[in-house]
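Proteins get letters first, then strands, A, B, ... in listed order; numbering begins at 1 in each. Keep in mind that what you see is a predicted model, and the values were worked out from it rather than measured. Side-chain atoms are counted along with the backbone in the values below, which use heavy atoms only and exclude waters and symmetry mates.
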Protein chains: 2
Amino acid sequence: MLPSQKFSGAFTADEEVPRTLVENAYLALRRDIVDGKHAPGSRLRVEHLKGDYGVGAGTLREALSLLVSDALVVSEGQRGFWVTTISHEDIEDITRNRLLLETEALRASIKNGDDEWEAELVAAFHRLTRVEEKLNTTVARMREWEDRNRGFHEALISACNSRWLRYLIGILYRQSERYRRFLLTSSRAKRDIHAEHSELFDAAMKRDVRRASAALELHIMTTFEIIRQTSEEDLQRPPKGVRRNNVSA
Amino acid sequence: MLPSQKFSGAFTADEEVPRTLVENAYLALRRDIVDGKHAPGSRLRVEHLKGDYGVGAGTLREALSLLVSDALVVSEGQRGFWVTTISHEDIEDITRNRLLLETEALRASIKNGDDEWEAELVAAFHRLTRVEEKLNTTVARMREWEDRNRGFHEALISACNSRWLRYLIGILYRQSERYRRFLLTSSRAKRDIHAEHSELFDAAMKRDVRRASAALELHIMTTFEIIRQTSEEDLQRPPKGVRRNNVSA
DNA sequence: GATTTAAATAATCTCGAGAATATTTGGAAG
DNA sequence: CTTCCAAATATTCTCGAGATTATTTAAATC
């Protein structure tokens, strides 16, 4: 996580414009890891990657060290860096802790939220609704949906008065994004995700903590249940575009 | 946090022997920040620190990047690194989240703990008891007490089956250690910390979740209440040995 | 005196190359 | 065929120096 953004919000969605090559490489690497371009468990060789991302070895090492704070990368002295593994056990654990932390944050947010919070929530829900109306599953649309989905969930808990809680949720949310690409494979049709969001939004606006918590729990659990149906084998499989890609900045 | 140790345990107490200069500098820097040798909010100038810790600029930058994962250091592009600030608001927030997470972990640990868990807990409690019997407050004893206290708390939740929960607790525990040096100043006499530990141990061994949780909550809250009595001014004051110190490795 | 501008100073950021370490390859022995 | 060992290769780790950017100092103007 970019140090300066650590406590900015819950989900560290829009990092401010990167000012250094380290920050650039960090963002590009993070995107590629979350998208599965670098396979979970695979080695991240500085010697090769510095060419792909167009920076020097020291710069890339620093970016990799930053990624450790997101638990997306692990390393071992004198042996290098690896992409953190994913597994059914892992997503189940992430889900369990998201349930605990996000419901707690939602509770606090509903309790503390003022008019401005409501206004931002209405806006975020509107943006999400618009993109969910179009059942377009192109890559570009998918990324837009991800951004707006994150924006909505961030708006929900933005009035939570615990910085640490928002920070910890941010770590878990970023982790869960790694599993999102498996949501498109199966049984997506059966799910009415907009209905889930709608119920959640409605309950939050009515300040109904119990109903809102239940809706959030259902939302998180439903997501998990779909991923759960993916075989452990498919979980390890890389996405369509296998090739490693360059830095775009 | 050292990448390889991320998921090793709850509190990342004993890192394995450092194999690189980066890891060495990381450990030394972390200790100095936790101990307040580098004042909260103060700037960490790579140009100066590389001399103090006996490493090159790149190596030190990497160590600082690693410290971001512990939320002990923040940075801003082109402006450098700072020690994360501390405040009453911060420790209150840390406390709030420790209460939430540690009681949850304790609950799971008591539920899942086997004979081996009990054995390790008995051993950890014994070690802690021995050092608490001697009311010695020298610096060396204090550090020993800190290690054994961490060992006891780690043993308590070691049977928790959620790696992520243990990891998140580790982050918060490390943060709370930054405030420990303010526990020695006032009203220490009034507190019977061994009685708190004893009650906690007893309840855990009897598998009494409610009593154990209550004891843990009381323990965490009592610690917070003492720090709360420290003035915000004293909180910002550096410890006795003001001078910056060199790397020991 | 307060504000603005420009030079001087200090620090960060970045890369390339060399030393230290790990991994792989190839061959010999059992 | 398997195991062990040594050479060859590949990669990590580390530092120093230069380019870029921020900060401070000093002078000049209002």
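- Using modelled atom types, one finds a donor on one side chain and an acceptor on the other under 3.5 Å when comparing A:Arg96 with B:Asn161.
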TODO: Go through the steps to decide whether A:Ser42 and A:Trp82 satisfy the test side-chain contact (heavy atoms from CB on, under 4.5 Å), and finish with yes or no.
DONE: CA-CA 6 Å; A:Ser42 67; A:Trp82 280 264; over 6 Å; no
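- With hydrogens and angles left out, the side-chain atoms of A:Asp32 and A:Tyr53 include a donor and acceptor closer than 3.5 Å.
- Nearest-nucleotide positions on DNA chain D place B:Leu60 closer to the 5' end than the other of B:Leu60 and B:Arg45.
- Listed pair B:Arg19 / D:dT12 fails the phosphate criterion, with no side-chain N or O lying under 4.0 Å from OP1 or OP2.
- Separating the CZ atom in A:Arg127 from the CG atom in A:Asp147 is a distance of 11.5 Å, to the nearest 0.5 Å.
- For the residue pair A:Tyr26/A:Arg30, the side-chain donor-acceptor check at 3.5 Å is satisfied.
- Whole-Å rounding puts the B:Asn24 CG to D:dT12 C1' distance at 16 Å.
- Residue A:Leu44 is in sugar-phosphate contact alone, with no base atom involved, counting any heavy-atom pair closer than 4.0 Å across all strands shown.
- Remark: the backbone N or O of B:Arg163 is paired with a side-chain donor or acceptor of A:Asp93 at under 3.5 angstrom.
- With the end axes of the helix from C:dG1-D:dC30 to C:dG30-D:dC1 each set by five pairs, the angle from one to the other reads 20° at 10° resolution.
- Residue B:Glu76 contributes atom CD, which lies 16 Å from atom P of D:dT21 at whole-angstrom precision.
- With B:Glu102 as the partner, the side-chain contact (heavy atoms from CB on, under 4.5 Å) test is satisfied by one option alone out of B:Ile157, B:Ile169, B:Leu156: B:Ile169.
- Comparing A:Trp82 and A:Val55 along DNA chain C, the residue whose closest nucleotide (by nearest heavy atom) sits nearer the 5' end is A:Val55.
- Side chains of A:Tyr179 and A:Asp90: a donor on one and an acceptor on the other come within 3.5 Å.
- Atom CD1 of residue B:Ile91 and atom CG of residue B:Leu235 lie 8.5 Å apart, to the nearest 0.5 angstrom.
- Toward the 5' end of DNA chain C, the nearer of the two residues A:Thr59 and A:Arg79, judged by each one's closest nucleotide, is A:Thr59.
- The interatomic distance linking B:Glu62 (CD) with D:dC13 (C1') rounds to 8 Å, in whole Å.
- Chain B approaches DNA chain C over the interval C:dA11 to C:dA22, counting the first and last nucleotide 5' to 3' with an atom under 4.0 Å from its heavy atoms.
- Distance, A:Gln78 CD to D:dC13 C1': 6 Å, rounded to whole Å.
- A sub-4.0 Å separation between OP1 or OP2 of D:dC13 and a side-chain N or O of A:Arg61 is present.
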